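In this text the structure is predicted, and so the values were computed from the model without any measurement.
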Amino acid sequence: MKDFIPEFFISLKKYNFKMFLNDMAAGIIVAIVALPLSIALGIASGVTPEAGLITAVIGCFIVAILGGSKFQIAGPTGAFIVIVYSIIEQHGILGLTIATIMAGIMLVIIGFLKGGEIIKFIPYPVVAGFTSGIAVTIFSSQIKDILGLGVEKIPAQFMEQILCYIQNIQTLNLYAILITIVSIFIIILWPKIPKIGKLLPSMLVSVVVLTLLVQFLHFPLRLLVQGLEVWI
């Protein structure tokens with residue numbers, strides 16, 4: 001079996017300043033897209049925004065150093081939100097850490113055994129159904145923030161989540177709904193603006209614009225921090 005050498009070390013032999021500038025530009029673009037995404041996925045997974053950001057940075061760094069392709073791009077994925085959230089709810093951060101280490105070991109073993117070929121035998125309906133189910137579950141977990149409900153922690157199971165929302169519907173916050181609607185419009189309409197629409201990712205624009213609106217207009221938004229109700 002041919003010895004595996006990460007592409008990073010192979011590329012260094014012929015690396016030059018021009019390639020560095022191209023890589024830096026590509027890295028900045030990917031970072032701009034991944035910044036709001038990693039923060040959002042961290043929150044959706046039941047951890048702090050900082051945890052989502054740090055995890056994305058460390059993961060991308062490891063892939064860049066040990067990856068097998070110089071064109072490979074790594075970043076956070078929404079497919080693991082449901083799994084991570086469920087593990088944290090049942091076993092806490094320590095349980096998530098142990099599960100992550102176990103998953104890493106399993107992936108390394110599968111890689112050495114070339115088990116990635118198995119994916120070809122999984123039917124498309126199974127993949128499509130799995131992805132659709134993940135999308136519905138992620139959406140249901142975000143209803144609390146969309147409606148601004150005064151719920152500190154929501155259950156991991158879908159039906160329990162819906163019941164929790166119904167029970168706490170009286171804590172509805174109209175400002176949170178307004179922010180959600182404006183955010184969706186910005187994400188959809190920003191790319192259609194001539195010239196500047198493609199310069200910056202719509203998700204990043206949405207995060208910056210709405211953060212400034214909340215700060216300067218002093219929207220009364222409710223946050224629950226360690227059981228204490230805080231208004232911003």
Where is the tightest heavy-atom contact between L149 and N168, given as atom of each residue plus distance?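 Closest approach of L149 to N168: CD2-O, 3.4 Å.
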Looking only at heavy atoms, what is the nearest atom pair of N173 and Y175, with distance? OD1-N, 2.9 Å
pair [X]-[Y]: side-chain heavy atoms closer than 4.5 Å:
| X | Y | answer |
| --- | --- | --- |
| L178 | L174 | no |
| I143 | F139 | yes |
| L96 | V84 | yes |

Check: residues 199-211 side-chain donor-acceptor pairs under 3.5 Å, at least two apart:
unit_1, atom_1, unit_2, atom_2, d
S202, OG, I187, O, 3.3
S206, OG, S183, OG, 2.8
T211, OG1, V207, O, 2.6

Can you tell which of I188, V182, I181 makes a side-chain contact (heavy atoms from CB on, under 4.5 Å) with F185? I181
side-chain contact (heavy atoms from CB on, under 4.5 Å) filter on Q167, not counting sequence neighbours, yields L163
With sequence neighbours left out, what residues match I193 under side-chain contact (heavy atoms from CB on, under 4.5 Å)?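 Partners of I193 under the side-chain contact (heavy atoms from CB on, under 4.5 Å) test: W190, I196.
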Once you round to the nearest 0.5 Å, how far does [atom1] of [X] lie from [atom2] of [Y]?
| X | Y | atom1 | atom2 | result |
| --- | --- | --- | --- | --- |
| T48 | L53 | OG1 | CG | 9.5 Å |
| I169 | T171 | CD1 | OG1 | 7.0 Å |
| I162 | M159 | CD1 | CE | 7.0 Å |
| I87 | Q90 | CD1 | CD | 8.5 Å |

Just list the side-chain donor-acceptor pairs under 3.5 Å for residues 54-61, sequence neighbours left out, or say none.
unit_1, atom_1, unit_2, atom_2, d
T55, OG1, A51, O, 2.6

Find out if a path of hydrophobic residues (ILVMFWY) with successive side-chain heavy-atom gaps under 4.5 Å connects [X] to [Y].
| X | Y | value |
| --- | --- | --- |
| I110 | L66 | no |
| V108 | M106 | no |
| L41 | V63 | no |

Distance-only donor-acceptor pairs under 3.5 Å for side chains of residues 16-40, two or more places apart:
unit_1, atom_1, unit_2, atom_2, d
N16, OD1, K18, N, 3.2
N16, OD1, M19, N, 2.8
N22, ND2, K18, O, 3.4
D23, OD2, Y15, OH, 2.6
S38, OG, A34, O, 2.9
S38, OG, L35, O, 3.0

Sort and list the pairs that fulfil side-chain hydrogen bond (donor to acceptor under 3.5 Å, both in side chains) and have at least one residue in residues 135-148, not counting sequence neighbours.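 Qualifying pairs: S140-Q161.
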Mind checking who shares a hydrophobic cluster with [X], ILVMFWY linked at side-chain heavy-atom distances under 4.5 Å?
| X | result |
| --- | --- |
| I109 | I101, I105, L113 |
| L107 | none |
| L94 | I98, M102 |

Should the heavy atoms of other residues, nucleotides or ligands under 6.0 Å from CD1 of I118 be counted, would the total exceed 12?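 For I118, atom CD1 is not crowded (no more than 12 foreign heavy atoms under 6.0 Å).
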I'd like to check the side-chain hydrogen bond (donor to acceptor under 3.5 Å, both in side chains) partners of S11; sequence neighbours left out, ordered by chain and number.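 Counting only residues at least two positions away or on another chain, S11 forms a side-chain hydrogen bond (donor to acceptor under 3.5 Å, both in side chains) with E7.
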Taking only residues two or more places apart in sequence, or in another chain, which ones meet K120 in a side-chain hydrogen bond (donor to acceptor under 3.5 Å, both in side chains)? E117
In residues 124-136, what donor-acceptor pairs under 3.5 Å come from side-chain atoms, sequence neighbours left out?
unit_1, atom_1, unit_2, atom_2, d
T131, OG1, V127, O, 2.8
S132, OG, A128, O, 2.9

